[in-house]
There are 2 protein chains.
Amino acid sequence: MARHARYDRQTALAKAVALFWERGYHGSSMKQIEQALDMRPGSIYATFGSKDGLFSEALAAYAEQGSQELKTYLEPAESIIDGLEAYLRGIAQTGTQTQAKPSRACMIVKTLLESSNTHPALAEQANRILANIQQALCEALETAKARGELLASTDCHRLARLLQAQIVAIRSMAERDLAPDELSDLGADVASILESYRVRH
Amino acid sequence: MARHARYDRQTALAKAVALFWERGYHGSSMKQIEQALDMRPGSIYATFGSKDGLFSEALAAYAEQGSQELKTYLEPAESIIDGLEAYLRGIAQTGTQTQAKPSRACMIVKTLLESSNTHPALAEQANRILANIQQALCEALETAKARGELLASTDCHRLARLLQAQIVAIRSMAERDLAPDELSDLGADVASILESYRVRH
DNA sequence: ACTGTTATTGAGTGATCACTCAAGTTATAA
DNA sequence: TTATAACTTGAGTGATCACTCAATAACAGT
């Protein structure tokens with residue numbers, strides 16, 4: 001019995017992700033948000049409540065899409081470890097492509113580093129997301145271990161932490177102005193770390 | 001033939017490092033800078049030119065102090081590789097201590113991620129610093145190789161890049177709210193990566 | 001066509017942003 | 001002691017910050 005919303009929430013959110021990922025929380029002004037979403041302040045506040053609320057939803061959306069990307073590497077792979085190594089090389093390769101994404105670094109890490117001493121609520125959210133990702137990696141590793149891909153002595157929680165550190169490392173180093181082959185070498189070197197945890201045939 | 005400066009430049013700079021390291025560029029306002037340095041705006045602008053200028057000098061001072069810290073690990077060590085591994089474990093250990101430093105993450109990486117799409121000049125400076133550190137690591141590795149600590153097949157530039165990625169990783173992960181032993185386990189796991197490049201006895 | 005409901009608009013809010021500069025203060029040189 | 005140069009002060013600058021709300025527009029049901 002009333003007017004339709006002119007804006008699709010998911011579309012607006014995707015645009016917000018692009019802006020915030022590129023410029024960060026403090027680096028994105030409401031003026032820029034209005035322009036990016038093609039929405040007037042009233043509509044933005046009616047839909048998302050506040051700049052904080054919009055950022056928080058954007059970060060959650062980013063995390064969801066990142067977790068889907070990891071799945072696309074793990075599901076088709078015969079070996080989980082192969083899949084993880086392909087993922088590591090893949091994100092190094094992606095960092096190579098100029099302007100393919102809003103930013104080469106991970107938005108979650110950017111948020112964690114930017115907000116840990118300025119915006120506790122956002123830092124907490126970034127922390128939770130990273131803990132969830134580590135848990136997902138851990139479960140993949142547990143499965144790999146059960147399948148006999150990993151050494152029986154492997155501490156999967158610990159390896160998941162190491163693995164997450166490597167993902168963070170690649171994506172942060174990708175923000176440096178390295179040559180494409182330097183970055184893919186790094187991807188290969190990082191991927192090879194997993195080899196020492198692998199059962200040899 | 002005139003008045004002395006009331007403020008010591010180095011002391012003021014150290015306070016600026018503490019503030020910017022903690023809160024980042026966009027997260028630190030001139031009001032907070034005035035308070036942290038106990039200087040009025042006129043004096044700050046007379047001494048450092050602008051907020052940008054102050055940040056830039058603070059970042060350079062931070063980098064210098066960081067490079068000194070690395071030296072304290074490398075110089076007393078009999079083996080360079082031992083020294084590097086101790087450094088990696090050391091920064092993981094430091095991240096454990098609550099509130100020991102303004103921030104657990106590296107100010108250079110925080111700056112790179114924060115400013116890459118909002119403040120090109122700062123991003124460029126962070127890039128240059130990271131390139132210099134990588135070069136220093138590379139030289140240490142070359143020496144280690146000449147001493148027979150590293151496999152002759154080692155590509156030192158490439159290993160230096162991997163090593164820098166590990167430093168970035170540990171210090172970024174330190175910003176997560178991990179338990180002290182989780183972080184030191186990560187330090188140990190990261191240090192052990194170097195073992196596969198080492199000459200066995 | 002009319003009414004009720006909801007969405008959109010954009011000028012405007014006070015607060016805070018980085019920064020300036022005329023006036024005042026403190027030292028040294030003559 | 002006096003003149004001059006160097007440094008500090010802090011109220012004030014216009015711009016921009018995140019955000020509000022009364023007015024308007026566009027739909028659904030009758």
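All values below were derived from every heavy atom in this structure, side-chain atoms included, with hydrogens, water molecules and symmetry-related copies excluded. Below, chain A is the first sequence line, B the second, and so on; all start at residue 1.
- Both B:H4 and B:D52 sit near DNA chain C, but only B:D52 has its closest nucleotide nearer the 5' end.
- The phosphate of C:dT9 has OP1 or OP2 within less than 4.0 Å of a side-chain N or O from A:Y7.
- Here C:dT8 presents its C1' atom at 8 Å from CZ of A:R6, a figure rounded to the nearest Å.
- Mapping A:K31 and A:M39 onto DNA chain C via the closest heavy atom, the residue that lands nearer the 5' end is A:M39.
- Panel note: side chain A:D185, backbone B:R158; no donor-acceptor pair is recorded below 3.5 Å.
- Looking at heavy atoms from C-beta onward, B:L162 lies in side-chain contact with B:Q166 at the 4.5 angstrom threshold.
- Where A:S29 and A:S43 meet DNA chain D, the nucleotide closest to each residue was compared, and A:S29 sits on the side nearer the 5' end.
- Taking atom CD1 of A:I44 as the reference point, atom P of D:dC17 lies 13 Å away to the nearest angstrom.
- Checked by atom type and distance alone, the side chain of B:E182 pairs as donor or acceptor with a backbone atom of B:A179 at under 3.5 Å.
- Taking 3.5 Å as the limit, the base of D:dA26 and the side chain of A:R3 contain no donor-acceptor pair of atoms between them.
- As judged by a 4.0 angstrom heavy-atom cut-off over every strand, B:A46 is placed among residues making no nucleic acid contact.
- As judged by a 4.0 angstrom heavy-atom cut-off over every strand, A:T47 is placed among residues making no nucleic acid contact.
- To the nearest angstrom, C1' of C:dC17 lies 9 Å from OH of B:Y45.
- If you measure from atom CD of B:Q32 to atom C1' of C:dT16, you get 11 Å, rounded to the nearest angstrom.
- Side-chain atoms of A:R40 lie closest to C:dT9 of the nucleotides D:dC17, C:dT9, C:dC19.
- Taking atom CD1 of A:I33 as the reference point, atom C1' of D:dC19 lies 12 Å away to the nearest angstrom.
- No more than 12 heavy atoms of other residues, nucleotides or ligands lie within 6.0 Å of CD in B:Q35, so this atom counts as exposed by the packing criterion.
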